[in-house]
Amino acid sequence: MAALPPAFFTVGGSSFTQFLATQSPDVLPSFKIGAQGSLDAPHGTTIIAMTFTGGVLMAGDRRATLGNLIAQRDIDKVFPSDDFSCIGIAGSAGIAIEIVKLFQVELEHYEKIEGSALSLNGKANRLATLIRSNLGMAMQGLAVLPIFAGFEGGSGRLFSFDVTGGRYEEVGYHAVGSGSLFARGTLKKSYRSDFDRDEAILAALGALYDAAEEDSATGGLDLARRIFPGVSIVTSAGYERISDFETAQLAEQIIASRMSKPDGPIAPLV
Amino acid sequence: MSIPYYVGPEQLMKDRADYARKGIARGRSVIVLQYCDGILFAAENPSRALHKVSEMYDRIGFAAVGKYNEFEVLRVAGIRLADLRGYSYDRADVTGRGLANAYAQTLGTVFTNEPKPYEVELVVAEVGDSSDNDQIYRLTYDGSVADEHGFAAMGGQVDQISGELTQSWRVGMTLREAVQLASRLLGAAGGSLQEDSLEVAVLDRTRVATRKFSRINGSVLKSLLSE
């Protein structure tokens with residue numbers, strides 16, 4: 001290996017993405033491929049997030065679709081972004097996973113260089129920039145839409161984004177992806193801000209169940225293969241992925257209740 | 001017409017080396033040593049904000065003595081290299097040896113080509129799955145690399161501290177023993193250093209997280225220092 005080139009010694013940059021743009025732009029996810037028209041690639045679908053007492057939860061179904069086909073039945077769409085935040089991504093799966101990877105390095109890079117972590121708003125703004133830089137790909141049909149959630153100052157917060165990099169803080173709960181309308185409808189009737197951890201997981205599984213019933217691109221609870229939604233929470237103790245064992249147990253409760261009430265619990269009229 | 005002085009290459013290199021050595025000898029010392037669960041970094045450093053010890057990557061740490069602005073620029077360059085490699089290839093492809101090589105080339109080039117050499121000494125250490133696989137690389141101002149076994153010391157009182165480390169260090173020390181040894185040697189003249197003038201960090205192979213680096217300070221450090 002030769003001596004490090006001058007770009008490594010530039011002063012003041014603590015953004016990994018900016019460094020990549022000067023030193024190695026070809027590995028950036030938004031690198032111009034120069035393709036014309038639109039193309040089909042696997043898409044990930046429904047992600048939901050909600051705050052609960054003492055934390056924030058994020059859950060996603062496990063299906064990726066390619067047109068009318070199922071591209072993958074056990075894909076993960078919820079990831080830790082650092083110790084106190086997580087990110088879930090709907091949209092073009094390949095680019096989404098690359099953006100998540102870049103975002104994870106971006107946060108770690110900043111923390112190592114500056115000696116302290118970014119604020120939660122700072123993290124959300126960095127993510128907005130990454131999404132905005134993908135606008136060209138989005139216009140070719142390869143959009144990526146994340147939800148970002150984190151724990152700061154004693155409570156959980158969540159943010160949604162649009163393809164132009166717009167960043168919106170959401171209160172209570174939010175969902176993105178093709179099944180999100182149905183999941184949001186369910187959460188609208190079932191969500192309470194004073195959920196404890198287990199209630200939040202149950203509400204999330206119920207909402208994803210409804211989304212899977214109405215949207216063919218959202219995967220349901222797969223009892224035969226034991227594939228259940230990926231659920232993560234962030235609390236004062238940091239990021240935690242709920243074990244498959246625990247998710248399976250709660251998912252079986254949902255399925256048992258749907259056996260007698262296929263549409264799920266009925267909300268009171270007034 | 002005045003004829004410029006001829007300075008032979010031996011003399012030139014010797015002058016530069018003397019210059020760098022003097023700069024480094026003015027600074028306080030840093031000790032890096034193996035203990036049973038990994039690698040300990042300890043520096044005499046009253047500042048809580050300006051670090052001499054830092055995280056590079058999952059299993060790799062960095063320590064430096066000398067001029068702050070010079071080793072800070074090297075530290076940042078190392079983090080950039082590690083993150084670039086880990087991102088373009090895989091996290092497993094970032095190695096302490098690779099970083100040490102890049103630093104060696106850079107220090108060597110600066111030593112011969114630039115008007116003045118860097119007045120720094122660095123340690124790049126990587127914790128392995130077992131203590132046999134731990135690596136400690138010590139780099140000097142001219143780009144030489146030493147593959148150290150067990151421990152390395154740099155800075156002002158390096159000869160004295162290295163001598164005592166040879167005597168006192170042994171395989172399989174506990175964290176408490178290692179911290180106390182480091183604080184005693186760093187504080188040699190005025191007794192052991194206390195937690196407010198000691199910067200301590202470890203690469204702990206028993207940590208579950210992929211990032212093995214963690215700082216030890218405050219009450220935890222205080223309790224490690226108490227007998």
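Here is the naming used below: chain letters follow the sequence lines, and residue numbers restart at 1 for every chain. Atom set for the values below is all heavy atoms of this structure, side chains included, hydrogens, waters and symmetry mates excluded.
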In terms of the angle between their ring planes, are Phe148(A) and Phe103(A) parallel, tilted or perpendicular, with boundaries placed at 30° and 60°? perpendicular
Side chain, backbone, both or neither: which part of Ile113(A) has an atom under 4.5 Å from a heavy atom of chain B? both
Test your reading of the model: is there a side-chain donor-acceptor pair from Glu70(B) to the backbone of Glu119(B), 3.5 Å cut-off? yes
Atom pair CG/CZ of Asp76(A) and Arg62(A) - distance to nearest 0.5 Å: 4.5 Å
Gln104(A) versus chain B, the contacting section by heavy-atom distance below 4.5 Å: neither
If the threshold is 4.0 Å, N to carboxylate O, is there a salt bridge linking Lys123(A) and Asp82(A)? yes
Looking only at side-chain N and O atoms, does Asn101(B) offer a donor or acceptor that is under 3.5 Å from a partner on Gln105(B)? no
When heavy-atom pairs shorter than 4.5 Å are enumerated against chain A, which of Val73(B), Asp83(B), Ile79(B) gives the highest number? Asp83(B)
Between Glu98(A) and chain B, with a heavy-atom cut-off of 4.5 Å, which part of the residue counts as in contact: side chain, backbone, both or neither? both
Non-hydrogen atoms of chain A under 4.5 Å away: do they reach the side chain of Arg211(B), the backbone, both or neither? side chain
Partner chain B: residue of Ser116(A), Gly13(A), Ser14(A) with the largest heavy-atom pair count (under 4.5 Å): Gly13(A)
For the interface with chain A, which of Arg75(B), Glu72(B), His51(B) has the highest count of heavy-atom pairs at distances below 4.5 Å? Arg75(B)
Do you see a donor-acceptor pair shorter than 3.5 Å between the side chains of Ser85(A) and Tyr239(A)? no
Please classify the contact of Thr10(A) with chain B as side chain, backbone, both or neither, using a heavy-atom distance under 4.5 Å. both
Measure Phe19(A) against the heavy atoms of chain B and call it side chain, backbone, both or neither at under 4.5 Å. side chain
For the rings on Phe16(A) and Tyr87(B), is their centre-to-centre separation under 6.0 Å? yes
So, the part of Phe213(B) with a heavy atom under 4.5 Å from chain A: the answer is neither
